[in-house]
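Notes for the one structure printed next.
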Number of protein chains: 2
Amino acid sequence: MTFAAPPIPRMKAEDRRELVLAAATQVFGDFGYWGATTDQVARAAGVSQPYVVRMFGTKEALFLEVLQRALDHLLGEFRRVLAAGREELGPRLGRAYIELVGDRGIHLVLMHAFGMGSDPVIGARARQGFLEVYEFLRDEAGFGPEQAQSFLASGMLINTMVGLRMSDEFESNPMAAECLIVALPEKLDIVLDLGKAQRAEAR
Amino acid sequence: MTFAAPPIPRMKAEDRRELVLAAATQVFGDFGYWGATTDQVARAAGVSQPYVVRMFGTKEALFLEVLQRALDHLLGEFRRVLAAGREELGPRLGRAYIELVGDRGIHLVLMHAFGMGSDPVIGARARQGFLEVYEFLRDEAGFGPEQAQSFLASGMLINTMVGLRMSDEFESNPMAAECLIVALPEKLDIVLDLGKAQRAEAR
DNA sequence: GTCTATATGCGGATAGAC
DNA sequence: GTCTATCCGCATATAGAC
């Protein structure tokens, strides 16, 4: 009796799911919800386009899941930092936020989602997510109004610098370099290293 | 001899152009570059879809023009404020920035553009535009590094609140209301009034 | 669990009339 | 200066095989 070997690399549903979600985070981050296609996601994950749809039902459901994971990841990291102590909490949370660039696409997905307030379903979820972060800062981290304002504002500026791919011009454009230095009080190196890694990978 | 009256309201090219650009600012603001369609723009301007394309060549060219005008408008207002005096410059510029919500769509178009850094042409223009604003703050307004950082960050937070349509939930969601109050140090009324006006108009 | 084939609808752009 | 008609390509989603 002979056993046919699986001709195509099969995976457990859960693992494949993670793979696709990671690819989707990347693609949605680069092109936004409307600009990204399920086919781009599929190619990035190494599967067929219909399979991506099959797994999540619709493109919208896929985006919602990507958004949810981005928010979970963000708040998870923040709670980890908080659990480690309350001294210098603001700077440590800020540093943790910047380090999320390691998971490529998180800032970008959030930024795109934050621009979709007019969408009845994604916009509603994005507002809710933003408010969850605000609640964390107020209730768990104990931030006062100005501290929360300034923290959130800095976060949005970081999103903007990432969204603009400003680090791509760090070496070629002195003005971009200075602007980056001004915008990111510290931990600029994290963003720059990530930018380099991405460009290298694009080749 | 009889003269046929123009059956359709004709306009000088320049006026029609302004009309379409205003409509496009609105539509691109709501749906972003990829999410907006030239047909939506056409309908909002009361003209046919092919005519919109005809006027600007491509959807991309139209967006670039909308982006350019948003930046011109922004820097124009900033220079006006600067020309009026240098006392309390930061708060006055901040107020001027918020008041741009009067021209509906400017913040939104900017925010969407700032998320398009990966686009070779729009992304490049968006980076350049952001840097022009930074240069203004540094060279013309005389801001120091931290002042520039905090001003730009606050601006991006304002963009985010507008992008999320957070003001839509000011009355129904106490958390959203508090978050708005915290995020916008002052001149909250401007955003709220605008939100109301928009919702009324949508009926 | 994953693919191929394909239906279907929509969006950008062109041609050409008035 | 502005429209109608229309082409073509692309994106999501479905059907069904393996």
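Sequence lines set the chain letters: A, B, ... in the order given, protein chains first and strands last, and positions in each chain run from 1.
Of all heavy-atom pairs spanning A:V182 and B:Q149, the tightest one is O-CG, 3.1 Å. When every heavy atom of A:Y97 is checked against every heavy atom of A:H107, the shortest pair comes out as O-NE2, 3.0 Å. What you find for B:A176 and B:M166 is that their closest heavy atoms are CB-SD, 3.9 Å.
Under the 4.5 Å side-chain criterion, counting only non-hydrogen atoms from C-beta, A:E99 is not in contact with A:E77.
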Dump the intermediate steps for side chain to side chain contact (heavy atoms under 4.5 Å, CB included) on A:F56 and A:L64, then the final yes or no.
CA-CA 10 Å; A:F56 297 91; A:L64 286 172; over 6 Å; no
Show your reasoning for whether side chain to side chain contact (heavy atoms under 4.5 Å, CB included) applies to A:M161 and A:C179.
CA-CA 9 Å; A:M161 302 309 274; A:C179 187; 3.8 Å; yes
Mind running salt bridge (charged side-chain N to carboxylate O under 4.0 Å, His left out) on B:D30 and B:R165 for me, showing each step along the way?
CA-CA 10 Å; B:D30 277 346; B:R165 276 68 168 178; 2.7 Å; yes
Let me see the working for A:F63 and A:D119 under side chain to side chain contact (heavy atoms under 4.5 Å, CB included), right down to the final yes or no.
CA-CA 13 Å; A:F63 186 85; A:D119 185 279; over 6 Å; no
Working note: B:F114 + A:M156, criterion side chain to side chain contact (heavy atoms under 4.5 Å, CB included); need CA distance, chi angles, decisive distance, verdict.
CA-CA 11 Å; B:F114 292 163; A:M156 296 308 102; over 6 Å; no
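Taking atom CZ of B:F56 as the reference point, atom P of C:dA13 lies 13 Å away to the nearest angstrom. Protein atom CE of A:M11 is 12 Å distant from nucleotide atom P of C:dG1, rounded to whole Å. For the pair A:E14 CD and C:dG1 P, the computed distance is 11 Å after rounding to whole Å. Counting to the nearest Å, the P atom of C:dG12 and the CD atom of B:Q40 are 9 Å from each other.
In this structure, B:H112 has its ring center no closer than 6.0 Å to that of B:F31.
No donor-acceptor distance shorter than 3.5 angstrom exists from the side chain of B:R69 to the backbone of B:T25, with no hydrogens or angles considered.
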How would nucleotides 5-12 of chain D be written as a contact map, 5' to 3', with B for base contact, S for sugar-phosphate-only contact and - for no contact, using protein heavy atoms under 4.0 Å?
B-----SB
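Within the 4.0 Å cut-off from OP1 or OP2 of C:dG1, not a single side-chain nitrogen or oxygen of A:R16 is found.
Mapping A:R54 and B:R54 onto DNA chain C by nearest heavy atom places A:R54 closer to the 5' end of the strand.
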Dot-bracket encoding per residue of DNA chain C, Watson-Crick/G-U cut-off under 3.5 Å, | denoting interstrand:
||||||||||||||||||
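For DNA chain C, no neighbouring residue in residues 17-25 of chain A is found when judged by any heavy atom under 4.0 Å.
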